[in-house]
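Model, not experiment: these values are computed from the prediction. Count residues from 1 along the sequence.
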Amino acid sequence: MSSPAAGEPGHLRASDADRERVAEILRDAAGEGRLTLEELDERLEAVYAAKTYADLEPVTRDLPTPGNLPKPASSRAPAPVHHDPERFGGEPGLSSAIAIMGGATRKGDWVVPRQFTAFAIMGGIEIDMRDARFSEPTVTIHAVTIMGGIEVTVPEDATVRVTGIGVMGGFDHAASGTGSPGGPTIIIDGLALMGGVDIKRKRGSRASLPR
């Protein structure tokens with residue numbers, strides 16, 4: 001016997017584009033004062049964990065949106081979502097930085113890949129994204145250090161989600177929070193074992209928050 005729910009839109013699988021549209025609604029709501037930063041972080045976690053439209057629908061149910069249920073993405077390529085072409089796109093180079101009893105740096109005009117790994121053992125790594133381009137609107141930095149240090153500098157307008165942990169060390173979460181519309185979303189996870197991961201927000205030449 002076929003399931004009556006099989007054809008309902010809410011049970012269709014959500015795409016990355018669907019999740020990003022709902023995330024933009026949440027960021028706009030936070031910018032308008034409808035959500036606190038804590039509520040924004042909680043709802044963004046639910047969005048990125050959602051698998052179906054039914055999972056996404058409750059996240060914006062109490063917010064003024066054109067519709068509670070996101071529409072399935074078209075089979076055609078989605079139109080760009082008001083992202084500055086000077087900051088997004090391009091072919092990334094290296095997808096990792098490794099420092100063993102030494103140092104490594106990624107800064108200046110470089111392209112941040114969708115997934116970037118920084119690994120430091122008794123060494124130091126500097127990752128500066130203020131003047132970088134982003135291959136995609138959402139990127140993830142995996143930061144792992146053992147008896148070393150990793151310093152991450154994010155653009156001032158970025159939405160930052162930090163989920164890393166420190167064990168006999170420190171993993172800085174102070175930079176977590178929402179940025180401005182059109183800015184990148186940067187997820188930073190990983191581990192600091194007897195070391196430290198320091199995350200800072202600074203203004204760069206490519207990015208500035210509207211005031």
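For the atom pair OG1 (Thr185) and CD (Glu136), the distance works out to 11.5 Å, reported to the nearest 0.5 Å. Between atom CZ of residue Arg19 and atom CG of residue Leu44 there is a gap of 13.0 Å, rounded to the nearest 0.5 Å. Atom CD in Glu151 sits 12.5 Å away from atom OG1 in Thr145 (nearest 0.5 Å). Taken to the nearest 0.5 Å, the CG atom of Asp189 stands 4.5 Å off from the OG1 atom of Thr163.
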CA sep, side-chain torsions, deciding dist, call: Lys200, Val154, side chain to side chain contact (heavy atoms under 4.5 Å, CB included): CA-CA 6 Å; Lys200 301 177 181 178; Val154 301; over 6 Å; no
query: Does the pair Val152 and Met129 meet the rule for a side chain to side chain contact (heavy atoms under 4.5 Å, CB included), with working shown?
result: CA-CA 8 Å; Val152 182; Met129 292 176 277; 3.6 Å; yes
query: So Glu57 and Arg61, salt bridge (charged side-chain N to carboxylate O under 4.0 Å, His left out) or not? Walk me through it.
result: CA-CA 6 Å; Glu57 189 273 336; Arg61 181 179 293 161; 2.6 Å; yes
field: Criterion side chain to side chain donor-acceptor pair (under 3.5 Å) on Gln115 and Ser95, from CA distance to verdict
entry: CA-CA 7 Å; Gln115 303 275 344; Ser95 61; over 6 Å; no
message: Is there a side chain to side chain contact (heavy atoms under 4.5 Å, CB included) between Asp172 and Val197? Walk through the geometry before answering.
response: CA-CA 6 Å; Asp172 185 12; Val197 175; over 6 Å; no
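With contacts defined as side-chain heavy-atom distances shorter than 4.5 Å, the pair Thr159/Ser180 does not qualify. Side-chain atoms of Val47 and Leu56, non-hydrogen and from C-beta on, do get closer than 4.5 Å to each other. A heavy-atom distance below 4.5 Å is not found between the side chains of Arg27 and Pro181. Ile141 has its side chain within reach of Ile127: a pair of non-hydrogen atoms, C-beta onward, lies under 4.5 Å apart. In this structure, the side chains of Tyr53 and Asp18 come closer than 4.5 Å at one or more pairs of heavy atoms. The shortest distance between side-chain heavy atoms of Val160 and Ile188 falls below 4.5 Å. With contacts defined as side-chain heavy-atom distances shorter than 4.5 Å, the pair Thr105/Ile125 does not qualify. Between Asp198 and Phe171 there is no side-chain heavy-atom pair separated by less than 4.5 Å.
Between Asp157 and the options Arg203, Lys202, Arg87, a salt bridge (charged side-chain N to carboxylate O under 4.0 Å, His left out) holds for only Arg87.
Within the 3.5 Å criterion, the main-chain N or O of Gly190 finds no donor-acceptor partner in the side chain of His142. Remark: side-chain polar atoms of Thr60 are not paired, donor with acceptor, to backbone N or O of Leu63 under 3.5 angstrom. Side-chain atoms of Asp28 do not come within 3.5 Å of backbone N or O of Ile25 as any donor-acceptor pair. Without hydrogens or angle criteria, Arg13 side chain to Thr52 main chain gives no donor-acceptor distance under 3.5 Å.
Of all heavy-atom pairs between Glu45 and Arg161, the closest is CG-NH2, 3.5 Å. Shortest non-hydrogen contact noted between Tyr48 and Ala23 is OH-CB, 3.7 Å. Taking all atoms of both residues into account, the shortest heavy-atom contact from Arg114 to Ser135 is N-OG, 3.3 Å. Taking every heavy atom of both residues into account, Arg133 and Gly90 meet most closely at NH2-N, 3.9 Å. Residues Gly149 and Ala120 share a closest heavy-atom pair of O-CB, 4.3 Å. Residue Ala192 comes nearest to Gly170 through the heavy atom pair CB-O, 3.4 Å, listed as atom of the first residue, atom of the second, then distance.
Connectivity analysis of hydrophobic side chains (ILVMFWY, heavy atoms under 4.5 Å, direct or indirect) links Ile98 to Ile100, Met101, Phe119, Ile121, Met122, Val144, Ile146, Met147, Ile165, Val167, Met168, Leu191, Leu193, Met194.
Residues satisfying the side-chain contact (heavy atoms from CB on, under 4.5 Å) test with Ala175, not counting sequence neighbours, are Ile199, Arg201.
Ring-centre distance between Trp110 and Phe134: not below the 6.0 Å cut-off.
Pairs passing the salt bridge (charged side-chain N to carboxylate O under 4.0 Å, His left out) check and including a residue from residues 120-129, sequence neighbours excluded, read Lys107-Glu126, Asp128-Arg130.
Criterion: ILVMFWY side-chain heavy atoms under 4.5 Å apart, direct or through other members. Under it, Val112 and Phe88 are part of a common hydrophobic cluster.
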